[in-house]
Amino acid sequence: MKTNDFYEQVYQIVRLIPNGRVSTYGAIAKALGAAKSSRLVGYAMIHGHDPRLNVPCHRVVNRKGLLTGKIHYNTPNEMQRLLEQDGIIIIDDQVHNFDKVFWDPQTEL
DNA sequence: GTGTTGACCCCAA
DNA sequence: TTTGGGGCCAACA
């Protein structure tokens, strides 16, 4: 009952991401005290990509603000569209003004 | 039970 | 500056 808890923590933080903001896998992993397990966060997204979980995975990007996970969506344009719908500008598959829209769970939480 | 893959991150040459 | 390699942990074949 530990790994499941880790995923729950990830979902919890992702759900807390404010509108118009994005976060990173590394930041979330670090906030959970597992800075070296940043890949698990991404994995948690795949496993947690469920409607009832209500996890806005599109608001989570990699350290460079690149939409690495868009390929896992039904359509590659889905993720970008959702982000732009939140007021986030996407240029060349990466977040524009990334440092401005970046939401650090460790700082803001 | 072993080997490969992956929505990652960091450091060195 | 770009490129390459190591580490981390979990799921899959």
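It should be emphasised that the depicted structure is a prediction, and the values quoted were computed from it without experimental measurement. Within every chain, numbering begins at 1; the chains are lettered A, B, ... in the order of the sequence lines, protein sequences first and strands thereafter.
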Peer 1: What is the distance, rounded to the nearest whole Å, between atom CE of A:Met45 and atom P of B:dC8?
Peer 2: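 Going from CE in A:Met45 over to P in B:dC8 covers 12 Å.
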
Peer 1: If I take atom OH in residue A:Tyr25 and atom P in nucleotide B:dC9, what distance separates them, rounded to the nearest angstrom?
Peer 2: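 Rounded to the whole Å, the gap is 8 Å.
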
Peer 1: Please report the distance, rounded to the nearest Å, between CG in A:Leu82 and P in B:dA7.
Peer 2: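 Between P of B:dA7 and CG of A:Leu82: 18 Å.
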
Peer 1: Between B:dA7 and C:dT3, how far apart are the C1' atoms? Round to whole Å, please.
Peer 2: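 To the nearest whole Å, 23 Å.
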
Peer 1: Using a 4.0 Å heavy-atom cut-off across all strands, classify A:His47 as base, sugar-phosphate, or nothing.
Peer 2: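 If one applies the 4.0 Å heavy-atom cut-off, A:His47 turns out to touch the sugar-phosphate alone, with no base involved.
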
Peer 1: I want to check something: taking the side chain as every heavy atom from C-beta on, are A:Ile28 and A:Thr24 in contact at a cut-off of under 4.5 Å?
Peer 2: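 In short, these two side chains do not touch, never coming nearer than 4.5 Å.
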
Peer 1: Between the side chain of A:Arg59 and the main-chain N/O of A:Arg15, is any donor-acceptor distance below 3.5 Å?
Peer 2: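 Checked: no pair found.
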
Peer 1: Give the B/S/- string for nucleotides 3-8 of chain C, one per nucleotide from 5' to 3', where a protein heavy atom under 4.0 Å of the base yields B, of only the sugar-phosphate yields S, and otherwise -.
Peer 2: -----B

Peer 1: Once ring-ring contact (aromatic ring centres under 6.0 Å, His included) is applied, what residue pairs with a partner in residues 57-97 of chain A remain, sequence neighbours excluded?
Peer 2: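 Every ring-ring contact (aromatic ring centres under 6.0 Å, His included) pair that includes a residue of residues 57-97 of chain A, provided the two are not neighbours, is A:His49-A:Tyr73.
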
Peer 1: If you compare all heavy atoms of A:Leu66 against all heavy atoms of A:Asp92, which two are closest, and at what distance to 0.1 Å?
Peer 2: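 Taking A:Leu66 first and A:Asp92 second, the nearest heavy atoms are CD1-O, 4.3 Å.
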
Peer 1: Is a side-chain N or O of A:Tyr11 found less than 3.5 angstrom from the main chain of A:Leu53, in a donor-acceptor match?
Peer 2: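 Not confirmed, A:Tyr11 side chain does not pair with A:Leu53 backbone.
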
Peer 1: Listed by chain and number, what are the side-chain contact (heavy atoms from CB on, under 4.5 Å) partners of A:Ser38, not counting sequence neighbours?
Peer 2: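 So A:Ser38 forms a side-chain contact (heavy atoms from CB on, under 4.5 Å) with A:Ala29.
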
Peer 1: Is the closest side-chain heavy-atom distance between A:Leu40 and A:Tyr25 below 4.5 Å?
Peer 2: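 A side-chain contact is absent here, since even the closest heavy-atom pair is not under 4.5 Å.
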
Peer 1: What integer distance in Å separates A:His49:NE2 from C:dA11:C1'?
Peer 2: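 It is 18 Å, rounded to the nearest whole Å.
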
Peer 1: Rounded to whole Å, how long is the line connecting atom CG of A:Asn74 with atom C1' of B:dA7?
Peer 2: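 A:Asn74 atom CG is separated from B:dA7 atom C1' by 15 Å.
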
Peer 1: Would you call A:Glu84 and A:Arg81 a salt bridge, taking side-chain N to carboxylate O under 4.0 Å as the test?
Peer 2: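 No, this pair does not count.
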
Peer 1: Measure the distance from CG on A:Asp93 to P on B:dA7 and round it to the nearest whole Å.
Peer 2: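 So the CG-P distance, A:Asp93 to B:dA7, works out to 15 Å.
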
Peer 1: Determine the minimum heavy-atom distance between A:Phe6 and A:Ala34, stating which atoms define it.
Peer 2: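 Smallest heavy-atom distance, with atoms named: CE1-CB, 4.0 Å.
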
Peer 1: Between A:Ala27 and A:Asp104, which heavy-atom pair has the shortest distance, and what is it?
Peer 2: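 Here A:Ala27 and A:Asp104 meet closest at CB-OD1, 4.2 Å.
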
Peer 1: What pairs with A:Asp50 under salt bridge (charged side-chain N to carboxylate O under 4.0 Å, His left out), at least two apart in sequence or on another chain?
Peer 2: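 Result, salt bridge (charged side-chain N to carboxylate O under 4.0 Å, His left out) vs A:Asp50: A:Arg52.
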
Peer 1: Round to a whole Å and report the spacing from CD1 of A:Ile46 to P of C:dA11.
Peer 2: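 Whole-Å distance recorded here is 11 Å.
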
Peer 1: Collect all protein-nucleotide pairs involving nucleotides 11-13 of chain B in which both atoms are nitrogen or oxygen and the distance is under 3.5 Å.
Peer 2:
none

Peer 1: Hey, can you pull the residues of residues 61-72 of chain A with a non-hydrogen atom under 4.0 angstrom from DNA chain B?
Peer 2: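 Under 4.0 Å from DNA chain B: A:Asn62, A:Arg63, A:Thr68, A:Gly69, A:His72.
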
